[in-house]
Amino acid sequence: PHLGHAPIDWEKEAPLYGDRILEALETVLPDLRRHVTVRRHLTPVDFDDRQLALTFFVLLVILRIDLAMPLMQLIIILSAFTLVAIGFGIMLTALARSVIQAATLSNLFIMPATMLSGCFWPLSFMPGFLQRAARIFPQTWAMDAVLKLQQGASFATVGLHVLLLLGFACLFAAVYA
């Protein structure tokens with residue numbers, strides 16, 4: 001992985017990759033290019049939005065899961081948390097000397113933070129000092145915002161949560177700057 005720093009211009013490179021794929025396929029499917037009338041390139045940039053849209057489609061339409069909160073509010077919280085993840089990745093890129101070191105640092109931070117932030121079990125299951133310590137993790141604020149909205153709170157009551165998530169994102173990204 002290039003940790004987001006590969007200088008790839010997908011507008012230029014995608015057609016070249018497509019040509020190489022067609023060339024390889026033509027070894028078993030002669031004259032394939034002659035029969036291709038439309039080409040569409042799917043690049044890593046395309047996966048972000050499509051993955052989120054597909055996830056919500058499966059949840060809401062196929063599985064018919066009730067989110068117990070307005071979808072747009074969930075998207076706002078998840079978008080803020082996505083910025084945290086991007087900022088964290090940028091910070092790791094700045095601190096790590098190699099891809100392996102970045103992956104190790106990522107696992108050393110993400111797994112304990114996720115366990116202590118209420119993602120695997122409710123915070124109420126943990127002792128009070130761990131509940132207070134959990135506030136240093138962005139996952140805690142995202143989970144708490146979703147929980148409050150699912151319990152009927154107004155979006156205004158979780159505005160601080162969203163601001164804190166954006167603050168975490170800026171803090172993490174600032175390490176790189």
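Small disclaimer: the values here were computed from a predicted structure and weren't measured.
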Could you check whether any side-chain heavy atom of Pro70 comes within less than 4.5 Å of a side-chain heavy atom of Phe155, counting everything from C-beta outward?
no
What pair of heavy atoms forms the shortest contact from Ala134 to Ser117, and how long is it?
CB-CA, 4.4 Å
Atom CG in Leu108, atom CG in Leu92: separation rounded to 0.5 Å?
10.0 Å
Taking all heavy atoms of Leu166 and all of Ala80, pick out the closest pair and write down the distance.
CD2-CB, 4.2 Å
Treating Ile, Leu, Val, Met, Phe, Trp and Tyr as nodes and any side-chain heavy-atom pair under 4.5 angstrom as an edge, say whether Trp141 and Phe172 lie in one connected cluster.
yes
Do Asp144 and Arg135 meet the salt-bridge criterion of a basic N to acidic O distance under 4.0 Å?
no
Distance (rounded to the nearest 0.5 Å) between Ile110 CD1 and Phe88 CZ
4.5 Å
Taking all non-hydrogen atoms of both residues, which atom of Met126 and which atom of Met115 are closest, and how far apart?
SD-O, 4.4 Å
Would a single hydrophobic cluster contain both Val84 and Phe109, if residues Ile, Leu, Val, Met, Phe, Trp and Tyr are joined by side-chain heavy-atom contacts under 4.5 Å?
yes
Val58 side chain reached by Ile65 side chain, heavy atoms, under 4.5 Å
no
Tightest non-hydrogen contact, residues Phe81 and Ala142, listed as CD1-CB, 3.9 Å
Rounded to the nearest 0.5 Å, how far does CG of Leu147 lie from CG of Leu123?
9.0 Å
Ile100, CD1: over 12 other non-hydrogen atoms inside 6.0 angstrom
no
Rounded distance (nearest 0.5 Å) linking atom CG of Leu149 with atom OG of Ser154
8.0 Å
Please answer: with hydrophobic residues joined when any side-chain heavy atoms are less than 4.5 Å apart, are Val162 and Met72 in the same cluster?
yes
Nearest-0.5 Å distance that lies between atom CG in Leu25 and atom CZ in Arg33:
9.5 Å
Let me check something: do Phe125 and Met111 share a hydrophobic cluster, defined by ILVMFWY side-chain heavy atoms less than 4.5 Å apart, either directly or through other members?
yes
Report yes if some heavy atom in the side chain of Gln73 is under 4.5 Å from a heavy atom in the side chain of Val146; otherwise report no.
no
Can a donor-acceptor pair be found, under 3.5 Å and without considering hydrogens, that links the side chain of Thr157 to the backbone of Ala153?
no
Heavy atoms, side chains only, cut-off 4.5 Å: are Val36 and Leu32 in contact?
yes
What pair of heavy atoms forms the shortest contact from Arg39 to Pro15, and how long is it?
NH2-O, 3.1 Å
Leu71 side, atom CG; Leu60 side, atom CG - distance, nearest 0.5 Å:
6.0 Å
Check: Gln150 side chain, Met69 main-chain N or O, donor-acceptor pair, under 3.5 Å
no
Are Ile136 and Leu105 connected in the hydrophobic side-chain network, where two residues link if heavy atoms are under 4.5 Å apart?
yes
Do the ring centers of Phe137 and Phe168 come within less than 6.0 Å of each other?
no
Side-chain donor or acceptor of Gln139 paired with backbone N/O of Cys119 under 3.5 Å
no
Minimum-distance pair of heavy atoms, taken over all atoms of Leu95 and Gln101
O-OE1, 4.3 Å
